[in-house]
Structures are given as C-alpha cells and as structure tokens.
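Below you'll find the structure, written out as structure tokens, and then a few comments.
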Number of protein chains: 2
Amino acid sequence: MSVKERKDRERAARERLIVAAARELAEQQGWDAVTTRQLAERIEYSQPVLYSHFRGKREIIGAVALEGAAELAAAVRAATAGVDGPRERVAALARAYLDFAERNPAVYDAIFQLDGGLAYAQEDTPEPLKDAFAALMETLSEVAGNGIDPGLFTELFWASLHGLATLTRTGRLLDEYAEPRVELLVDRLAMV
Amino acid sequence: MSVKERKDRERAARERLIVAAARELAEQQGWDAVTTRQLAERIEYSQPVLYSHFRGKREIIGAVALEGAAELAAAVRAATAGVDGPRERVAALARAYLDFAERNPAVYDAIFQLDGGLAYAQEDTPEPLKDAFAALMETLSEVAGNGIDPGLFTELFWASLHGLATLTRTGRLLDEYAEPRVELLVDRLAMV
DNA sequence: TCGGATGTCTAGCGGTGCTAGGATCGATTC
DNA sequence: GAATCGATCCTAGCACCGCTAGACATCCGA
C-alpha cells in the first residue's frame with residue numbers, strides 16, 4: 001500500500017502546485033491570463049493533466065477561492081485579536097478586510113466575483129466560506145445594536161465592505177477618501 | 001448633402017440596433033452569450049460591421065453601460081421625486097437602486113462590474129456616469145450629517161448599495177433579510 | 001519477465017475576438 | 001443613360017480559448 005500512498009502524496013502535491021500557479025498567474029496578469037495552456041506550461045505538464053484534478057477551469061478558480069477565504073478569515077481574526085474596545089476592533093476588521101482585497105485582488109475576485117462553482121449562504125456551503133463569514137460575525141455581532149440580528153448586521157456590514165473593496169479597486173471611488181470612508185462606515189454602522 | 005445625412009441616420013440607427021441587441025442578449029442569456037457572431041446574426045449583418053461602429057466588444061459593453069447609467073439616474077430621480085421627508089426619500093432611493101440592479105442585472109454588470117473601457121471618478125468620465133452619481137448625491141447629501149462631505153457620504157452609501165446589489169444577485173446573502181437590510185442601512189447611515 | 005493497469009501526451013474539436021482583402025453596390029460625373 | 005470610382009460589406013482566416021478522444025509509454029504486481 002505504500003506505493004499508493006506515495007502516489008496519493010504526489011498527486012496532492014501537484015494539485016497544490018496547480019492552485020498555486022493559478023493564483024500566482026492571476027495576481028500577476030489577471031484571471032484572463034489564466035488559461036489552461038499557460039497553467040499547464042507553468043506546472044510543466046500538458047493541459048489534460050489539469051482535468052484529472054479538476055472538472056474544469058471553474059473548479060480551479062473555486063480552489064483558489066477556498067484557499068483565499070481561509071486566509072481572509074485568518075487575516076480578520078489576527079487583526080482583531082489583540083485590539084481593545086469594540087469600536088476599535090470593528091475598525092481593525094474593516095481595514096484588514098479592505099487591505100486583503102487590495103493586496104490580493106485576484107484571490108478576492110475568485111472568492112466574491114468570479115464563478116468558482118461554489119454554493120453560498122446554504123447548508124452545503126464549503127467550510128472555509130462559512131468560516132470567513134463567521135470570522136466577520138465574531139467581531140461584528142458585538143456592535144449590531146439592540147434587537148438587531150447579528151447575522152443580518154454582519155451581512156450589511158460585509159456588503160458595505162465588499163462594495164468599498166470592489167469599487168475602489170476598479171477605480172470608481174476617489175482615492176483620497178479611502179480612510180475617511182472607513183471611519184464613517186464604522187462610526188455610523190457600529191453601535192458602540 | 002442629403003445623401004450623406006441619410007447615410008449618417010442609417011448608421012446611427014444601426015448602432016442603436018447593435019447596442020439594443022447586445023443588451024437584450026445579455027439580459028436573456030448573460031454576457032458570456034454576447035459573442036460577436038451572435039450579435040452579428042441578430043442585427044443581420046456580418047461581424048466586421050460591428051467593428052465599423054465600435055473598436056471591439058469592450059466598447060459595445062461600454063455603450064450599454066452608458067445607456068444603463070442614464071436609466072439608473074432617471075429611475076433614482078423618479079423614485080425620490082414625490083416623496084416627503086429625507087428619511088423616506090433615502091429609503092426610496094435605496095429601493096429604486098436595488099430594484100434597478102435586480103431587474104437589469106446584465107446592464108448593472110455593464111456599468112459597475114465589467115470592463116467597458118470607461119473612465120470613472122475623473123474629469124473625462126462620461127456624462128451619464130457623472131450624472132448617475134449626481135442623482136444619488138442629490139438625495140443623499142441631505143442626510144450626510146454635520147461636517148461630512150456629501151461626496152464622501154454618497155460614495156459610502158453607494159458602495160453599500162453596490163455591495164448589497166452584487167452579493168444579493170450572486171446568491172451570497174440570505175433572501176429573507178433583503179428588506180431588513182435596506183431598513184437597517186438607511187437607519188444607520190442616514191442622519192435624519 | 002511479462003501482462004495489464006495507470007498515467008500522460010499529442011492532436012484536434014468547436015468555439016472566441018478580431019482583421020485582411022476582394023467583391024459588390026450605389027452615388028457621381030460625363 | 002452609361003461609366004467610373006469610392007464607400008460598404010462579406011468571405012475567409014488568424015491565433016487563441018476550454019476541453020477531450022485516443023495513442024502511447026511507464027511502472028506495478030504477479
């Protein structure tokens with residue numbers, strides 16, 4: 001059985017290699033440049049190999065999305081962990097979220113813009129996605145306010161962050177307002 | 001010169017036909033289905049004709065976006081026109097905006113998600129885009145609050161609406177929270 | 001050592017956005 | 001009214017895309 005185990009290990013390693021290559025290529029040249037041919041060349045295999053790991057390009061995007069969601073959750077938790085006071089925690093969360101989106105635009109797109117064939121807001125939603133939402137809710141439910149469902153509040157706050165992230169990155173908002181926008185968002189939405 | 005004028009008229013009519021066909025096809029089957037071949041068949045011309053009107057597919061998307069932005073501005077103004085009280089006006093604006101996004105998903109994407117080769121938040125931003133932002137600001141600047149730049153406030157409110165619109169449509173938010181989300185957004189952001 | 005399964009590659013399908021070059025049509029001129 | 005000439009449009013094709021069938025090699029277990 002040791003042979004099979006070794007092969008499984010090698011397969012898993014190659015799968016990680018594919019996801020890493022897709023992510024790197026997407027961040028470097030955008031998702032349009034992530035073609036099966038480019039990807040195959042980067043991992044030094046032929047294109048059909050990709051299809052022995054994933055059903056198609058969509059699933060590769062989905063894999064990058066799951067990896068990214070886990071990182072986003074970790075980033076949010078790390079940013080809010082040592083912060084005193086609910087208001088400051090929320091502000092730290094907002095900055096960490098927007099910072100992640102800015103530093104990893106392609107990954108952010110994979111999670112929230114592109115079709116990775118993943119289910120959202122359902123029972124069969126993959127764990128990393130649920131956990132990323134949970135990471136937001138941990139800090140945000142403190143400031144939802146009286147009688148407001150924490151899930152509802154988190155959805156709204158998240159949507160605002162998402163709007164800021166996407167509109168900022170596509171150049172649809174003024175750069176100089178970036179920081180005041182976050183301040184205003186936190187001041188108005190969070191009940192401290 | 002009458003001949004030239006007639007030809008110009010015919011050209012303009014055909015250009016409108018192309019934009020209308022692109023929009024209709026996008027709403028019916030999504031932007032992926034809007035290929036130059038499909039488009040050419042719908043307008044009953046060959047593909048190269050498209051390129052005598054637009055530099056490429058991107059510019060066709062841009063044309064749909066401009067048309068849509070004008071409609072969005074009109075929809076927002078119409079929805080807020082006869083409403084009494086700033087709070088109710090803002091709520092009407094929010095609902096009108098989200099309603100437009102839901103009813104015209106492909107057009108909304110053309111304006112705010114896809115690359116139509118348009119400039120945003122700059123001097124050379126096309127008039128319809130500036131005007132759509134102006135339409136939002138007309139109602140929103142009333143409730144920006146003391147000492148808050150109306151432009152800044154409008155950007156934030158708009159970003160929140162945009163986040164709600166996009167996340168809702170891609171199934172990333174719970175449907176049953178749709179109305180309370182709007183209520184909460186207006187209650188928290190608008191200073192009445 | 002050999003048979004067979006497993007894995008990988010080459011080649012190719014139908015599609016995409018876009019363009020070069022020739023044919024055709026129609027307005028203008030004699 | 002006929003000829004010319006320019007504008008207009010189409011056919012055909014480029015390089016690329018995601019994806020797959022089938023040949024081939026390679027390595028494992030008997």
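So you know, we letter chains A, B, ... as the sequences are listed, proteins then strands, and number each from 1. Only a predicted model underlies this, so the values are computations on that prediction, with no experimental measurement involved.
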### Task
Scan A/R58 against the nucleic acid and name what it touches under 4.0 Å (heavy atoms): base, sugar-phosphate only, or nothing.
nothing
### Query
When we call it a touch if two heavy atoms are under 4.0 Å apart, what does A/S46 touch: a base, just sugar-phosphate, or nothing?
base
Using a strict threshold of under 4.0 Å (side-chain N to carboxylate O), is an ion pair present between [Y] and [X]?
X      : Y      : value
A/E71  : A/R23  : yes
A/E142 : A/R87  : no
B/R172 : A/E155 : no

Rounded to the Å, how far apart are [X] [atom1] and [N] [atom2]?
X     : N      : atom1 : atom2 : result
A/Q38 : D/dC17 : CD    : P     : 7 Å
A/K57 : D/dC17 : NZ    : P     : 9 Å
B/H53 : D/dT8  : NE2   : P     : 10 Å
B/L50 : D/dT11 : CG    : C1'   : 15 Å
B/E10 : C/dC25 : CD    : P     : 16 Å
A/Q47 : C/dG12 : CD    : C1'   : 11 Å
B/E59 : C/dG17 : CD    : P     : 15 Å
B/Y51 : D/dT8  : OH    : C1'   : 18 Å

Listed nucleotide nearest any side-chain atom of [X], set [options]:
X     : options               : result
A/P48 : D/dT20, D/dG18, D/dC9 : D/dT20
A/V49 : C/dT8, D/dC9, D/dG18  : C/dT8
B/R14 : D/dG18, D/dC9, C/dT8  : D/dC9

### Query
Is the closest side-chain heavy-atom distance between A/F112 and A/W158 below 4.5 Å?
yes
### Summary
Assign each of B/G56 and A/S52 the nucleotide of DNA chain C bearing its closest heavy atom; nearer the 5' end lies the nucleotide of A/S52
### Query
Would you say a side-chain N or O of B/T36 is under 4.0 Å from OP1 or OP2 of C/dG17?
yes
### Message
When you group the ILVMFWY residues by side-chain heavy-atom contacts below 4.5 Å and let the links chain together, are B/I148 and B/F133 in the same group?
### Response
yes
### Residue whose nearest DNA chain D nucleotide is more 5′ - B/R37 or B/R11
B/R11
